[in-house]
Number of protein chains: 2
Amino acid sequence: MGKGRVTVIDIAKAAGVSKSTVSLVLQASPLVNEITRGKVNAVMRELGYVYNRGAANLRQANARSKIIGIVVNDLTNSFFAELAVGVDTVVQSAGFVQFLSNTSESIDRQREVIASMREHGVSGLIVSPARGTEAIDMKPLVAAGIPVVLVVRSVPGAKVSSLVSDNHAGTSAAVEHLTSLGHRRIAFVGGFPDTAVFDERLSGYREAMSQTKEGFKEELVISSAPSRAGGVEAIGQGMSMAEQPTAAVCFNDAVAFGVCDGLRARRIEPGRDFAVVGFDNVIEAKTAVPALTTISVDPQGIGQRAAQMLLKQINAGKPEAEQAVSAVRLIVRESCGAADNNPGRRLA
Amino acid sequence: MGKGRVTVIDIAKAAGVSKSTVSLVLQASPLVNEITRGKVNAVMRELGYVYNRGAANLRQANARSKIIGIVVNDLTNSFFAELAVGVDTVVQSAGFVQFLSNTSESIDRQREVIASMREHGVSGLIVSPARGTEAIDMKPLVAAGIPVVLVVRSVPGAKVSSLVSDNHAGTSAAVEHLTSLGHRRIAFVGGFPDTAVFDERLSGYREAMSQTKEGFKEELVISSAPSRAGGVEAIGQGMSMAEQPTAAVCFNDAVAFGVCDGLRARRIEPGRDFAVVGFDNVIEAKTAVPALTTISVDPQGIGQRAAQMLLKQINAGKPEAEQAVSAVRLIVRESCGAADNNPGRRLA
DNA sequence: GTTAATAATTGGAACGTTCCAATTCTGTCA
DNA sequence: TGACAGAATTGGAACGTTCCAATTATTAAC
């Protein structure tokens with residue numbers, strides 16, 4: 001037992017059949033007699049046989065392995081951990097396993113990781129690309145016919161599938177909610193203008209604003225780093241305008257927390273004197289004070305859906321790129337002033 | 001280019017050498033002439049060669065693959081996400097990749113996942129076992145000579161390595177801190193008595209208490225589900241005692257939050273009228289109100305260390321089981337009343 | 001009892017790599 | 001020039017599986 005692994009040939013010998021028959025049993029082929037199947041299975045259990053997928057995989061050059069790769073840009077962000085769980089559930093029930101790797105936003109690391117996954121023969125890839133990923137980075141993958149689903153961030157020009165959350169609808173809903181509370185000067189705060197996600201979120205804001213009496217005003221868009229510090233700085237800028245905003249739709253939750261900090265520094269209480277809406281619904285949003293009104297994006301759902309898209313492509317022969325959008329929803333909490341007794345009235 | 005993958009033989013043909021030479025280049029062997037090496041590398045780049053680890057792996061039956069598996073019981077818990085990141089950093093720089101799977105505390109799922117990983121030929125496994133895992137579940141792995149490092153939870157009787165955090169020292173430090181603040185009736189709250197982690201945390205509490213003037217009192221140990229709801233229930237029980245406790249060391253942070261909820265429901269303000277200490281330092285601990293005093297366990301560090309232990313075993317021929325303990329530290333925040341101006345005095 | 005059809009089984013080749021032993025090439029020295 | 005050492009290269013066998021075509025066993029039909 002100790003020396004050498006037990007192979008299909010050992011099983012064949014012990015069960016008194018040929019290796020071909022054992023192979024058929026392994027694949028649950030209907031060609032093999034029930035009683036033979038039983039015997040073979042018994043012997044396999046007895047000898048502690050473990051299937052060698054590497055070898056199998058080598059033979060069937062056409063059909064690919066039962067591995068899918070998932071690479072994320074920041075696993076410490078619980079958003080991506082949830083996403084990975086979503087992927088895992090569907091992928092696992094399809095008999096696949098997942099390779100997971102973290103790039104920490106490094107494009108070099110991302111290249112290495114993807115190369116390594118190819119060497120291991122993944123049949124498909126789910127990628128949340130590191131910042132700065134270009135269409136050309138995806139090129140070798142599509143050339144090799146490996147299905148790819150991009151999540152969260154899309155890469156303009158890449159001929160692969162993508163699944164991003166409905167950023168446009170999210171900020172749009174935020175604006176509508178704020179106007180329904182009586183706000184008219186609503187700022188869009190935070191984020192770097194050169195990313196696709198920023199464009200989409202801004203465009204939702206712009207569209208909703210242009211349907212208000214006030215209309216869209218360029219001056220109310222204040223970009224900054226997409227961080228807490230960025231939020232502080234941006235709101236400082238906003239509140240120094242002649243005609244101050246009374247509400248802010250923020251690029252993400254981190255910015256929104258920064259905005260709250262900045263407001264307090266000016267003796268303005270977020271949720272009471274000023275309405276703040278975030279984006280992402282990070283875990284702290286619920287427990288922060290005031291609890292943050294934000295846009296929730298269901299990372300686990302995205303993971304599941306991305307996995308389904310990927311499996312579909314793997315099963316279809318030719319990978320057919322497909323663009324999808326995942327719904328978002330507004331979570332109303334305290335920071336917009338709507339959750340208290342006298343919603344928004346005094347803010348207008 | 002489209003049809004069939006490019007193999008070592010294609011490279012050999014194109015470079016005018018034999019496949020053996022190409023193989024040597026692949027392994028960076030010093031036997032091959034510099035200029036040949038250059039040519040071969042150039043051709044590989046040109047034809048877009050990707051190494052087939054499956055095939056390589058098949059041939060070298062002795063040396064194992066460059067894959068390590070990591071299975072966790074709850075990836076949505078950010079603790080484990082951090083742990084996975086820690087593993088990833090060290091494993092990746094050693095040229096390995098990681099399979100990651102989530103068991104959601106299901107022992108069946110865990111069995112499947114481990115089987116699947118074996119089929120893929122992992123060279124080692126890092127496992128945070130699902131509740132109820134027994135030594136026998138690890139048996140086939142040690143029989144096959146596959147190194148395993150158990151993390152977070154140990155499995156009594158399993159002949160594999162383990163790395164757990166120093167639960168004993170953690171609760172012990174918590175008790176000492178509370179007594180230094182003047183507390184004498186300190187309860188131990190939450191957790192199910194049948195787990196190893198519970199035993200360790202309780203024993204740290206017991207030891208520290210028995211060194212106080214009061215001594216250890218069985219009545220002050222109140223177990224419950226290790227959840228927020230469990231905490232609420234347990235503290236209710238605690239506060240209905242004739243002689244009420246003035247402080248609680250909780251099984252984990254979730255319980256601690258529940259204890260705070262339960263106290264407030266009784267008009268007792270945690271951090272001012274009663275001291276609460278958690279365990280784990282989950283991400284919300286910092287932002288909660290009051291900010292939670294707790295024991296921090298550095299999940300990323302545990303991941304790194306576990307990976308190092310595993311690699312050591314993989315590189316050594318024979319896997320030598322080794323038990324290790326990871327240090328913890330007390331993070332003092334507001335919930336124990338020590339962080340305000342008049343620490344603890346009024347509580348005694 | 002022969003033939004045809006169907007069910008079940010089988011040996012060998014192939015997948016892409018590495019290893020081994022053997023071979024060829026280069027230069028050096030007597 | 002021949003012999004020899006060392007450097008560089010090479011052809012085949014092997015790893016554990018699957019696939020194909022071929023074979024054998026079983027049953028049905030006349």
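Chain naming here is simple, since letters A, B, ... match the order of the sequence lines and numbering starts at 1 in each. The model shown is predicted, which means the values in this text are computed figures rather than measured ones.
Close to C:dC19, at under 4.0 Å from its OP1 or OP2, lies no side-chain N or O of B:S23. Remark: B:T21 is not in phosphate contact with D:dT9, judged by side-chain N or O atoms under 4.0 Å from OP1 or OP2. Applying the 4.0 Å criterion to OP1 and OP2 of C:dC19, one finds that B:Q60 has a side-chain N or O inside that range.
At least one side-chain heavy atom of A:I11 sits under 4.5 Å from a side-chain heavy atom of A:V6.
Nucleotide D:dC20 holds its C1' atom 11 Å from the NZ atom of A:K19, rounded to whole Å. Atom CD1 of B:I9 and atom P of D:dT9 are 18 Å apart (whole Å). What separates CG of A:L58 from P of D:dA14 is a distance of 17 Å, to the nearest Å. Counting to the nearest Å, the P atom of C:dT17 and the CG atom of B:L24 are 14 Å from each other. In this structure, B:N57 atom CG and C:dT18 atom P are separated by 10 Å, rounded to whole Å. Summarising the geometry, the separation between CG on A:L31 and C1' on C:dT6 is reported as 11 Å, rounded to the nearest angstrom. For the pair B:Y51 OH and C:dT17 P, the interatomic distance rounds to 8 Å; values are reported in whole Å. For the pair B:N33 CG and D:dG6 P, the interatomic distance rounds to 18 Å; values are reported in whole Å.
Classification of A:D108 and A:R111 as a salt-bridged pair holds, one side-chain N sitting under 4.0 Å from a carboxylate O. We find that A:E34 and A:R37 are joined by a salt bridge, their nearest charged nitrogen and carboxylate oxygen being less than 4.0 Å apart. Looking at A:R305 and A:E322, no side-chain N of the basic residue comes within less than 4.0 Å of a carboxylate O on the acidic one, giving no salt bridge.
Heavy-atom nearest nucleotides on DNA chain C were determined for B:A55 and for B:S20, and the one closer to the 5' end corresponds to B:A55.
A donor-acceptor contact under 3.5 Å links the side chain of A:R59 to the base of D:dT18.
Closest contact between the side chain of B:S18 and the listed nucleotides D:dT18, D:dA8, D:dG11 involves D:dG11. Side-chain atoms of B:Q27 lie closest to C:dT18 of the nucleotides C:dG16, D:dT18, C:dT18.
Using a 4.0 Å heavy-atom criterion, one finds that A:T7 contacts the sugar-phosphate atoms exclusively.
Judged by distance alone, the side chains of A:S23 and A:Q27 do bring a donor and an acceptor atom under 3.5 Å apart.
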